[in-house]
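As the structure is a prediction and not an experimental result, all values here were calculated from the model. Each chain gets a letter, A, B and so on, in the order its sequence line appears, and its residues count up from 1.
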Protein chains: 2
Amino acid sequence: MVTKRQEKERELRKEHILEGALTVFEEKGLEGATMDEIARVSDFGKATLYYYFPSKEDVFCEILDRGWATLWKSLEEVIDSDKSPRESFINILITIARKAQKNRNEYEFLFNAPQAITHIDDKDQVWKSYQQKLYSTLKELLEDGIAQGQFPKLDSDLMFKAIGGLFVGIIFMGEKNKDITGSDIEKLLNQLITDPKQP
Amino acid sequence: MVTKRQEKERELRKEHILEGALTVFEEKGLEGATMDEIARVSDFGKATLYYYFPSKEDVFCEILDRGWATLWKSLEEVIDSDKSPRESFINILITIARKAQKNRNEYEFLFNAPQAITHIDDKDQVWKSYQQKLYSTLKELLEDGIAQGQFPKLDSDLMFKAIGGLFVGIIFMGEKNKDITGSDIEKLLNQLITDPKQP
DNA sequence: TTATATTTCGACTTAACGGTCGAAATATAA
DNA sequence: TTATATTTCGACCGTTAAGTCGAAATATAA
């Protein structure tokens with residue numbers, strides 16, 4: 001029998017381990033991080049980690065899953081608001097940017113880690129579906145926006161790739177950009193994604 | 001005593017090993033690649049690899065060093081030509097893009113691998129100085145260009161980061177962009193890096 | 001041909017790491 | 001208090017992979 005409180009505490013302990021794991025993953029990368037160190041950092045015995053998570057990889061994936069789920073939840077509001085494609089598109093990017101700047105470490109991990117594990121398996125990986133959803137939403141907004149003449153006339157694929165790179169660049173290029181503000185991003189996006197209606 | 005021909009053959013063997021190593025690194029990543037497999041792929045005994053390279057990491061770094069050196073050599077021509085900052089800037093990006101599309105594998109490695117080893121040491125790492133040179137050159141061209149009104153008025157730091165991300169995005173986002181041509185890139189850059197003189 | 005230098009290599013050593021085990025500690029329930 | 005369930009853990013195991021060793025093969029020189 002498991003009480004509500006026990007459940008809660010268990011969840012808390014899991015989160016605590018996940019936090020420790022995140023710092024280690026950031027510092028050492030996926031391969032470089034060891035369960036021994038994660039245990040040390042989160043002040044548990046190694047065996048205890050395996051009481052909460054079945055494997056190192058699961059620890060890794062759970063960080064991604066939870067992070068993407070949280071991010072997606074805040075994006076849903078933006079998406080559901082009935083703005084124009086262009087506005088929604090830009091708002092999504094700005095929302096992500098703001099969150100990422102609050103939690104730079106976590107978001108650097110969320111956006112970079114996935115490519116670090118292309119060599120590994122495919123599994124269920126919930127986070128992948130969120131990532132997919134985000135991408136297809138942006139793509140759709142972009143296409144609708146182009147159709148309505150809200151973006152410069154460019155092949156949407158090309159544009160999308162460019163924006164993707166641009167975005168990653170804005171947020172994660174180097175460690176020296178601690179001083180980018182939300183309004184900077186807004187300005188930059190507005191400048192680069194020229195709105196043909198406002199020459 | 002070592003003849004010219006022996007020297008040459010030794011160099012050839014090194015290159016051969018490096019080629020094999022590159023394919024393995026691409027396929028398996030830095031950590032995933034094993035010296036046993038590199039040996040297998042390049043048809044040498046493992047011990048032989050250590051006759052040519054002191055460590056796995058040195059194999060890795062030598063690929064980076066040589067790649068960046070070669071890249072830099074072709075960029076020097078572009079840089080030395082007496083074009084305007086804006087033209088030079090765009091030409092550099094286009095040159096890299098063209099080379100990268102000819103040797104996608106190698107260049108994906110050149111541009112991605114560095115971040116994969118941030119967790120590792122700092123060493124001498126020749127390639128880092130090339131990377132640095134490239135970045136500071138681009139930065140300088142951008143600043144000169146902005147001073148001369150050849151780019152939209154934006155903080156150069158911000159702009160530089162955006163361009164960096166944009167560029168990486170154009171060339172390396174996903175594996176599905178096999179169909180981007182040089183002229184696409186040119187068009188895209190010209191569109192995004194709006195030239196205020198040609199409204 | 002013989003002596004010497006260069007190149008090759010499979011077997012071995014060593015260390016690290018993911019994961020398990022069984023028992024101890026601690027909390028909960030009766 | 002006693003019985004039961006949950007949580008914790010250090011020691012251990014098996015595997016994997018980097019790097020070494022000493023000798024064999026091969027090329028070069030005398």
Step-by-step side chain to side chain contact (heavy atoms under 4.5 Å, CB included) determination, B:K128 to B:W68: CA-CA 9 Å; B:K128 256 188 187 161; B:W68 275 96; over 6 Å; no

Between C1' of D:dC9 and CE of A:M35, the distance in whole Å: 14 Å

A:Y135/A:K139 under side chain to side chain contact (heavy atoms under 4.5 Å, CB included): CA gap, chis, key distance, verdict: CA-CA 6 Å; A:Y135 285 170; A:K139 188 98 186 281; over 6 Å; no

Closest-nucleotide 5' rank along DNA chain D - winner of B:G32 and B:E9: B:G32

Spacing between B:I38 atom CD1 and D:dA18 atom P, to the nearest angstrom: 8 Å

Exercise: identify the closest heavy-atom pair between A:V59 and A:F25: CG1-CE1, 4.1 Å

Verdict with supporting geometry, A:E37 and A:R40, salt bridge (Lys or Arg N to Asp or Glu O under 4.0 Å): CA-CA 5 Å; A:E37 182 160 7; A:R40 202 176 46 69; 3.3 Å; yes

Minimal non-hydrogen separation, B:K14 against B:E62, with atom names: NZ-OE2, 3.5 Å

Distance, rounded to the nearest Å, where A:Q6 contributes CD and C:dT26 contributes P: 17 Å

Between C:dC17 (C1') and B:E31 (CD): distance, integer Å: 13 Å

Sole candidate of B:I92, B:N91, B:L93 that passes side chain to side chain contact (heavy atoms under 4.5 Å, CB included) when paired with B:F89: B:L93

Nearest to side-chain heavy atoms of B:R5, which nucleotide of C:dG18, D:dA17, D:dT28: D:dT28

Within residues 39-54 of chain B: residues closer than 4.0 Å to DNA chain D (heavy atoms): B:K46, B:A47, B:Y50

Contiguous Watson-Crick or G-U pair runs (3 or more, under 3.5 Å) in DNA chain D: C:1-30 with D:1-30

A:R10 side chain near D:dT7 phosphate (N/O to OP1/OP2, under 4.0 Å): yes

Least distance between heavy atoms, B:D58 atom then B:S55 atom: OD1-OG, 2.7 Å

Note, A:L71 side chain near A:Y130 side chain (heavy atom, < 4.5 Å): no

Closest contact, heavy atoms only, B:S84 versus B:Q150: CB-NE2, 3.6 Å

Check: B:K56 side chain, B:A33 main-chain N or O, donor-acceptor pair, under 3.5 Å: yes

Evaluation steps, ring-ring contact (aromatic ring centres under 6.0 Å, His included), between A:F60 and A:F53: CA-CA 10 Å; A:F60 183 86; A:F53 301 93; over 10 Å; no

Close residues, residues 11-23 of chain B, relative to DNA chain D [heavy-atom separation under 4.0 Å]: none

